[in-house]
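Following: one structure in structure tokens, then a few remarks.
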Amino acid sequence: MAYTIDRFSAEVTAAIAATGRVPVALIETTTPKPNIPADLAFPAFKAAKELGVAAAQLAADLAAAIVPAKDSLIGVVSAAGPFLNFALQPQHLATAVITEIIALGPRYGHQQEGVGKTIVIDYSAPNIAKRMHVGHIRSTIIGQALVNIFRALGYSVVGDNHLGDWGKQFGVVLASIEREGKPQSSGETALEELEAMYARYANEMKDHSALDDRARHWSLALEHGDSEARALWQWAIDLSMDAAQRNYERLGVTIDHAYGESFYEPMLDGVIQEALASGAAYRDEGGAVVVEELDKNIPTFLLQRSDGGTLYMTRDLATIKFRMDAFNPARIVYVIGEPQSLHLRQLFALVRQMGYTGETELVHVSFGTVFDNKGKPLSTRGGNMVYLEALLDDAVQRALAVVEHKNPELPAAEKQAIAEAVGVGAVVYNDLYQDTRRNITLDWERMLATEGNSATYLQYSVARCRSILRRAADTGSAPGNDPQLFRVLEHPAEQQLLKQLARLPEAIREAGARYAPFVVADWCYTTARDFGVFFEQCPVLKAESVTLRDARLALVAATAQALINGLVLLGIRAPERM
RNA sequence: GACCUCGUAGCUCAGUGGAUUAGAGCGCUUCCCUGCGGAGGAAGAGGUCGCGCGUUCGAAUCGCGCCGAGGUCGCCA
């Protein structure tokens, strides 16, 4: 599928090549800054240097030599110093963009680059026996957005929820249950009790080695299939996943698999043996399996404890082997916090050394830590932890209050649904509107803002579009569908909006290439702003002519569609009205 | 000590080699409802792009060195 924006780019390259003045290899075009009145530019510096002429002269010669065909997307071609500028032909732009959005509907922006390739995305990964909190929301939300984006790019995406359901930490959970008894409550309350028990135990464990031994004992019992340990373990998993599932549903998160760390238990011996056999690891005097000097910047780490227990790293190693066998992916993407970047560098270095991954690309999409408004990291012990369910509930309550104020006449059920979409959307957007690598400060007011660069503003823009279309339908008019009609959309605000709509495919590609959902978020925001300007300057229902009205209605419909497509990728719903 | 991430307007962020005005939002100062949703739009004030040296015709952008913030570094995950 060649989108309008791609055809324009291809036509520009072809037009330059057709002059015979510049070798094709030297034709690189760039998107000019917004203040430049052009849509694509050819900076002539390199080519001019290569050809031994002045850049400005080359640009001027090319401008004179290029004559776009009548049906070309290329409009005005001009030289501005050393730059050769190409503008889109306004009428052809309008026709091409609107017809392709109408034709593709929900698939507008989707493409084929990933067809035939598989990507495994590892995300969310909540800890069993704990509530989900703001620390988990980032991986969950960013991961799901990446899943959506790569699917839109045509990849076969396998999402995997790598549950923290194993290891010594779980031994601590079991030991604390042994000591204090199993919580009798249910749901998040039971998880809250488990967390408190865990915290008490872990705290005392630091000074009492007997407690530490007991935790290790339970972790080994679990590994060895002890029935009591397994029964408690399964109970904790069911309890935790029920709670997690409620959060996932609200967030629009669906994860294909949830193998969890425990799934890899039977494979751990095998990978340890392979690591030893390959020479990547050795067993030291104490019995621990050590990997060292993979690279001068990779510190030594362990694959097995001296007591025979396995580690996070052991399970991650087995996980990669399993994923290669099961999915043969082109890439495996880990959506995990920045503090784990060393762990992943170590893991990646080891699997490459062992030859597990071949051509497969291993990627760490890291994200920053969440801090409270005083700049302190969120922690259960610090008493400033924010739990996901409570966060969502609070956001929805606030949204509901606004809906009640703005649109009191709506049915109660619809108001509730709107509040859910707006509240949850705000929380989601807070994690997606900026580069994920940054640390974020939990600023309640900023997060739940309904103005400016916010989810609410994007949803509001869609609602305004829908409102116009509803009113049009009420009076018997409808968006035009004759491509020739759209040629009348020559107003600067219309042209600006059309160009922005044309860029969605490009934005999705870039978001994928950079593992950066914020690129899509940014596109949505810019689109909403361009629509806002159009809305002020170009009356639709009261346009000067029926022709113009119907063409504008089509532009409004196309805007709503494209904006919704972008929001869907982010996991944000857009209510019909709000 | 080593390594990783980040440092752009009062605050939150885009901009990741190109065009004599570095862009948004919030906040601040003004303005726009006899037109489709004011959860909107327009205008203004506000910046030594952490600092220095270098590479280049050209650097917020690339390299090196400092400074500052956050993080990590064999038996947690």
Side-chain angles (χ1 to χ4, degrees), chain A residues 30 32-36 38 41 43 45 48-49 55 80-83 85 125 127 164 166-172 202 215-216 219 261 284 286-292 296-307 309-313 315-316 337-343 345-346 366-369 371 375 377 402-403 405-407 422 433-435 437-441 443 445-446 449-454 456-457 459-461 463-472 514 518-519 522 525-526 528-529 531-533 535-543 549 552-553 556 577-578:
Chain A
T30 60
K33 287 184 178 175
N35 59 329
I36 306 297
F45 303 99
K49 199 171 185 178
F83 292 88
N85 287 333
N127 286 322
W166 211 244
K168 191 179 160 197
Q169 67 147 14
F170 216 87
V172 175
R216 219 185 339 251
S219 115
E261 294 184 55
D284 74 6
V289 175
V290 182
V291 180
E292 65 182 11
K296 64 170 185 273
N297 285 336
I298 307 277
T300 299
F301 58 94
L302 299 182
L303 272 185
Q304 190 172 30
R305 303 196 305 245
S306 46
D307 67 0
T310 56
L311 297 158
Y312 186 41
M313 184 65 81
R315 294 184 282 280
D316 269 357
E338 204 275 334
Q340 294 196 52
S341 66
L342 176 58
H343 168 77
R345 281 201 296 133
Q346 291 172 321
S366 88
F367 51 82
T369 308
F371 293 92
V402 179
V403 181
H405 180 250
K406 300 274 182 190
N407 277 309
V422 171
Y433 82 100
Q434 66 183 55
D435 194 317
R437 278 179 304 232
R438 287 175 176 277
N439 289 340
I440 59 178
T441 300
D443 177 341
E445 299 310 317
R446 159 90 195 65
T450 60
E451 303 170 344
N453 190 358
S454 66
T456 311
Y457 175 62
Q459 293 166 319
Y460 179 67
S461 302
R464 286 170 120 187
C465 290
R466 304 296 315 164
S467 173
I468 292 173
L469 295 167
R470 265 199 316 276
R471 282 170 155 273
R514 295 174 59 184
F518 84 84
V519 174
D522 205 61
Y525 176 57
T526 305
R529 293 199 74 227
F531 172 73
V533 175
F535 183 89
E536 293 290 329
Q537 298 187 3
C538 304
V540 178
L541 299 177
K542 299 197 175 173
R549 182 196 67 194
R552 282 180 176 166
L553 277 172
V556 171
R577 43 189 187 174
M578 55 189 276

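Only heavy atoms go into these numbers, but all of them, side chains included; no hydrogens, no water, no symmetry mates. First the proteins, then the strands, lettered A, B, ... as listed; each starts at 1.
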> A:Lys33 NZ to B:A60 C1': how many Å, rounded?
Replying inline: 10 Å
>> On the side chain of A:Asn85, is there an atom forming a donor-acceptor pair with the base of B:A19 - under 3.5 Å, no angle test?
In response: yes
> With stacking defined as ring centroids separated by under 5.5 Å and planes differing by under 30°, is A:Phe83 stacked against B:A19?
Replying inline: yes
>> In whole Å, I'd like the distance from the CZ atom of A:Phe371 to the P atom of B:C11.
In response: 17 Å
> Partner of B:G44 by Watson-Crick or G-U wobble geometry, both contacts under 3.5 Å, or none?
Replying inline: B:C28
>> Between B:C53 and B:U12, how far apart are the two C1' atoms, rounded to whole Å?
In response: 32 Å
> Can you say whether the rings of A:His343 and A:Tyr312 are parallel (under 30°), tilted (30 to 60°) or perpendicular (over 60°)?
Replying inline: parallel
>> Can you measure A:Lys49 atom NZ to B:G17 atom P for me and round it to whole angstrom units?
In response: 18 Å
> Under 4.0 angstrom, heavy atoms only, what part of the nucleic acid is A:Val402 near: base, sugar-phosphate, or nothing?
Replying inline: base
>> Rounding to an integer number of Å, can you tell me how far A:Phe535 CZ sits from B:C36 C1'?
In response: 5 Å
> Can a donor-acceptor pair under 3.5 Å be found between the side-chain atoms of A:Arg514 and the base atoms of B:U16?
Replying inline: yes
>> Check this for me: does the side-chain of A:Ser306 come within 3.5 Å of the base of B:C75 through a donor and an acceptor?
In response: yes
>> To check you understand the geometry: which heavy-atom pair defines the closest contact between A:Ala463 and A:Met578, and what is its length?
In response: CB-CG, 3.9 Å
> Distance from A:Phe518 atom CZ to A:Arg437 atom CZ, nearest 0.5 Å?
Replying inline: 8.0 Å
> Do the side-chain N or O atoms of A:Arg438 get closer than 4.0 angstrom to the phosphate oxygens (OP1, OP2) of B:G7?
Replying inline: yes
> Touch check for A:Asn407, heavy atoms < 4.0 angstrom, all strands: base, sugar-phosphate only, or nothing?
Replying inline: base
> Under the 5.5 Å and 30° test, is A:Phe518 stacked on the base of B:A14?
Replying inline: no
> Is A:Leu311 close to A:Arg305 at the side-chain level, that is, under 4.5 Å between some pair of heavy atoms?
Replying inline: yes
> What is the nucleic acid contact for A:Val540, judged by heavy atoms within less than 4.0 Å: base, sugar-phosphate only, or nothing?
Replying inline: base
>> How many whole angstroms separate atom CD1 of A:Ile440 from atom P of B:G25?
In response: 22 Å
>> Tell me the closest heavy-atom pair linking A:Leu553 and A:Ala472, and the distance in Å.
In response: CD2-CB, 3.6 Å
> Taking atom types as they are modelled, is there a donor-acceptor pair under 3.5 Å from the base of B:G37 to the side chain of A:Ser467?
Replying inline: yes
>> Without decimals, in angstroms, what is the distance between A:Asn453 CG and B:C13 P?
In response: 12 Å
> Which is true for A:Glu338 with a 4.0 Å heavy-atom rule: it touches a base, it touches only sugar-phosphate, or it touches nothing?
Replying inline: base
